[in-house]
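Numbers restart at 1 for each chain; the letters A, B, ... are given by sequence-line order, proteins then strands.
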Number of protein chains: 2
Amino acid sequence: MDSTVTIKDVAERAGVSAGTASRVLSGNPATSAAARERVRAAAAELGYRPDARARALRSARSHAVGLLVSDVRNPFFADIAHGAEQAALAASYVTLLANANEDTAQQDIYLEAFLTQRVDGIIIAPQGEGGGNLRALERARTPLVFVDRTVEGFDVPSVTADNAQGVELAVAHLAAEGHTRIGYIGGPRSVSTGRARHDAFLAAVARHGLEEDPELITAGDFRRASGGTAATALLSGRKPPTALLAADSLMAVGALGAVRRQGRRIGSDLALVAFDNIDWFGELAPPLTVVAHDARELGEHAMRLVLDVIEGRPAESVVLPMHLVVRESSTGRAAGA
Amino acid sequence: MDSTVTIKDVAERAGVSAGTASRVLSGNPATSAAARERVRAAAAELGYRPDARARALRSARSHAVGLLVSDVRNPFFADIAHGAEQAALAASYVTLLANANEDTAQQDIYLEAFLTQRVDGIIIAPQGEGGGNLRALERARTPLVFVDRTVEGFDVPSVTADNAQGVELAVAHLAAEGHTRIGYIGGPRSVSTGRARHDAFLAAVARHGLEEDPELITAGDFRRASGGTAATALLSGRKPPTALLAADSLMAVGALGAVRRQGRRIGSDLALVAFDNIDWFGELAPPLTVVAHDARELGEHAMRLVLDVIEGRPAESVVLPMHLVVRESSTGRAAGA
DNA sequence: GCGCGGCGTGGAATCGATTCCATAGAATCG
DNA sequence: CGATTCTATGGAATCGATTCCACGCCGCGC
């Protein structure tokens, strides 16, 4: 009844050799009906549970996929993890979830751990310039897939969102609402989504003929506090914006608090559009307008992609569309320009 | 340069046997300075990365701890995971994070996976009555620790919060603000925290001489939607409450939306106190009053506890205190009783 | 100068499961 | 009925690292 039941114990109880027991349990057809029955019974009675490590050691397949997200506490990544996990489960793979905590050093630690655990594949929302263990990964030939973000110079399949399109949707919407001064709270340039959204914002502003004022552009680090700092800076400029666009949900929340502390109200005094459609953004007062991509779908796609690579099927990168969910945070009377 | 560098390759390059190479790399003192130097050089040159599975197989220690949370998308559990992970890292253990998704079947799947992976220990925020693989775990003698929640009939160390105290703090605060009709949005009775908070609420209401009306008591499932349903029901009763107490953060968010859709405002029209101090609760308009326990600390404690059990040190259950963080959601003028 | 203790090392066994190989016995065919 | 193929099986090798055992060699002591 102990957990130390090995296949030998099962074999002995069934009166067969370990080889035969293994064949029965792995569904090898070269087994007699009698052996099948007795081995299965013995396994059930003893509560046999194969040792995944021994199995993986011999058969060079661990049936585990490492998933390294940048920040578990960011609901967007939690959703990605959830989607990936469900997809893995459906293919009877196990997901090992690890958290880089927006920190390159910690990212390296977990990549190292994945490598020594000999996972069959790795999904990562990478950060940094691609130094450290990312290069080691490439050398180790472990199947790798990028999700949400990419790193230049890596020929790796990825699942990303159409950031340029998302930004364009947001800016077009705000422009249509009559805004001409939009403050942008961007992400770090060390992350691909940070760069893509930044560039797309500049382009969209130009395209719609809005005010191109460098004072309207700020950059945070995708964490909450930086959104507050950025919003405060934007609102205390000489000529503050009438609308804000935040490049991720955590910074949007930070901005929310900063705006409130300045005594201004989202929706009526100031429009706000955020990236990432977090579940509860629709429950707030006022509900937030967002540029959304389905994080769960992102995760599912990424998992399917890495399984494709692992199992030798062709794998193509995917770019998912973004869409605009208009809520009240951007449709109170627009402050006149 | 491939990842298939074994200790034999290292040994060969260094001109020693595999045994000696192993001794050098594991810091065994019975090695000569010459061997140490050459083995280390060879390992570095070849990019040797020991195979964790082979190592674990032989030495019966995987240096991995399984962490099974009820719902990764609940920020409270994401914080627990984060705390546990950091504590594990400090002790050079790896955390395998899995998500039960508030589903007993999925909980069993991952417990099974942990067992076959032969993790050294498991931390779980359990759900259900303790059937299924929870019993198998006990038999397998895998070190086990409960976090946040417990299951009756298991003699397992745990890290929990003082729920009774938390509820009492919340009710006392609301009573002091002049409320006599408090609506309670509780959790499921199948979860220990759901039961504890429910019972504590009844006791606190009685103790403070508030109205004991069964219509004021509702129960959700710790998910967002159920909080909205419960709040709607409470507010459309014959004599609606003037304050709400929600037993977790997701249900509080659901309630937030329901209240807004009813055209009432948190803070001025209706007080709200929530369990769990989610980062961004302080940023909302109005900021939410919460009964808080430090989720990260909960996770850290749980990890330390399970490592104590694994390494044979005595392990004592811990009950962490809760405290009240008063913000504006409960201090607008109290609606008169 | 001989013996004994200790250090460093190579070789082999081991962990648990899978898989190759050889073989015994049954089944099939001419 | 003998030769051959096929099937089920046991035994052994294997995966990669650790650890036990035994041995050679050095130095020290008598």
Side-chain angles (χ1 to χ4, degrees), chain A residues 2-40 42-43 46-64 112-113 115-120 140 142, chain B residues 2-40 42-43 46-64 112-113 115-120 140 142:
Chain A
D2 216 354
S3 91
T4 50
V5 179
T6 76
I7 200 164
K8 273 192 206 148
D9 301 323
V10 173
E12 196 173 337
R13 185 173 237 263
V16 299
S17 74
T20 302
S22 170
R23 276 183 285 261
V24 169
L25 294 174
S26 64
N28 189 315
T31 51
S32 68
R36 269 197 295 275
E37 188 169 339
R38 293 167 55 206
V39 168
R40 270 199 255 275
L46 293 174
Y48 171 65
R49 211 179 291 280
D51 186 322
R53 303 165 308 172
R55 183 192 297 233
L57 181 58
R58 181 63 231 257
S59 48
R61 267 291 146 77
S62 65
H63 272 261
E112 179 84 28
L115 249 21
T116 64
Q117 297 281 334
R118 302 288 194 272
V119 295
D120 290 340
T142 303
Chain B
D2 216 354
S3 92
T4 50
V5 178
T6 76
I7 200 165
K8 272 191 206 148
D9 301 324
V10 174
E12 196 173 334
R13 185 174 238 263
V16 298
S17 74
T20 301
S22 170
R23 277 184 285 263
V24 169
L25 295 173
S26 63
N28 188 315
T31 51
S32 68
R36 270 198 295 275
E37 188 168 339
R38 291 168 56 209
V39 169
R40 270 199 255 276
L46 294 174
Y48 170 65
R49 210 179 294 279
D51 186 323
R53 303 164 310 172
R55 183 195 298 237
L57 182 58
R58 182 61 231 255
S59 47
R61 266 291 150 73
S62 65
H63 272 261
E112 179 84 26
L115 249 23
T116 64
Q117 296 280 336
R118 302 286 194 271
V119 294
D120 290 341
T142 303

Distance check needed: [N] [atom2] versus [X] [atom1], whole Å only.
{"X": "A:Glu12", "N": "D:dG10", "atom1": "CD", "atom2": "P", "value": "13 Å"}
{"X": "B:Gln117", "N": "C:dG16", "atom1": "CD", "atom2": "P", "value": "16 Å"}
{"X": "B:Leu57", "N": "C:dT18", "atom1": "CG", "atom2": "C1'", "value": "13 Å"}
{"X": "B:Asp9", "N": "D:dC15", "atom1": "CG", "atom2": "P", "value": "11 Å"}
{"X": "A:Arg53", "N": "C:dT18", "atom1": "CZ", "atom2": "P", "value": "14 Å"}
{"X": "B:Lys8", "N": "C:dA12", "atom1": "NZ", "atom2": "P", "value": "12 Å"}
{"X": "A:Glu37", "N": "D:dA8", "atom1": "CD", "atom2": "C1'", "value": "17 Å"}
{"X": "A:Arg118", "N": "D:dA17", "atom1": "CZ", "atom2": "P", "value": "7 Å"}

Within 6.0 angstrom of B:Glu12 CD, more than 12 heavy atoms from elsewhere: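 It does not: B:Glu12 CD has 12 such atoms or fewer within range.
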Contact nearer the 5' end of DNA chain C, comparing B:Gly19 with A:Asp51: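 Its nearest nucleotide lies further toward 5', so the answer is B:Gly19.
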Ignoring the backbone of [X], work out which of [options] is nearest its side chain.
{"X": "A:Ser17", "options": "C:dG16, D:dG10, D:dA17", "answer": "D:dG10"}
{"X": "B:Ala30", "options": "C:dT9, D:dC15, C:dT18", "answer": "C:dT9"}
{"X": "B:Ser22", "options": "C:dG16, D:dA8, D:dT19", "answer": "D:dT19"}

[N], OP1 or OP2 - any side-chain N/O from [X] closer than 4.0 Å?
{"X": "B:Thr20", "N": "C:dG10", "result": "yes"}
{"X": "A:Tyr48", "N": "C:dA17", "result": "yes"}
{"X": "B:Thr6", "N": "D:dG16", "result": "no"}

Base D:dT14 paired with A:Arg58 side chain (donor-acceptor, <3.5 Å):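 Result: at least one qualifying N/O pair found.
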Classify the nucleic acid contact of [X] as base, sugar-phosphate or nothing, counting any heavy atom under 4.0 Å across all strands shown.
{"X": "A:Ala35", "result": "sugar-phosphate"}
{"X": "A:Arg23", "result": "base"}
{"X": "B:Thr31", "result": "sugar-phosphate"}

Side-chain heavy atoms of B:Arg49 within contact of B:Val5, under 4.5 Å: no
Side-chain H-bond candidate by donor/acceptor type, A:Arg118 with A:Ser62, under 3.5 Å: no
Nearest heavy atoms of A:Val119 and A:Thr142, plus distance in Å: O-CG2, 4.0 Å
Backbone N/O of A:Asn28 and side chain of A:Arg23: donor-acceptor pair under 3.5 Å: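 Checked: no pair found.
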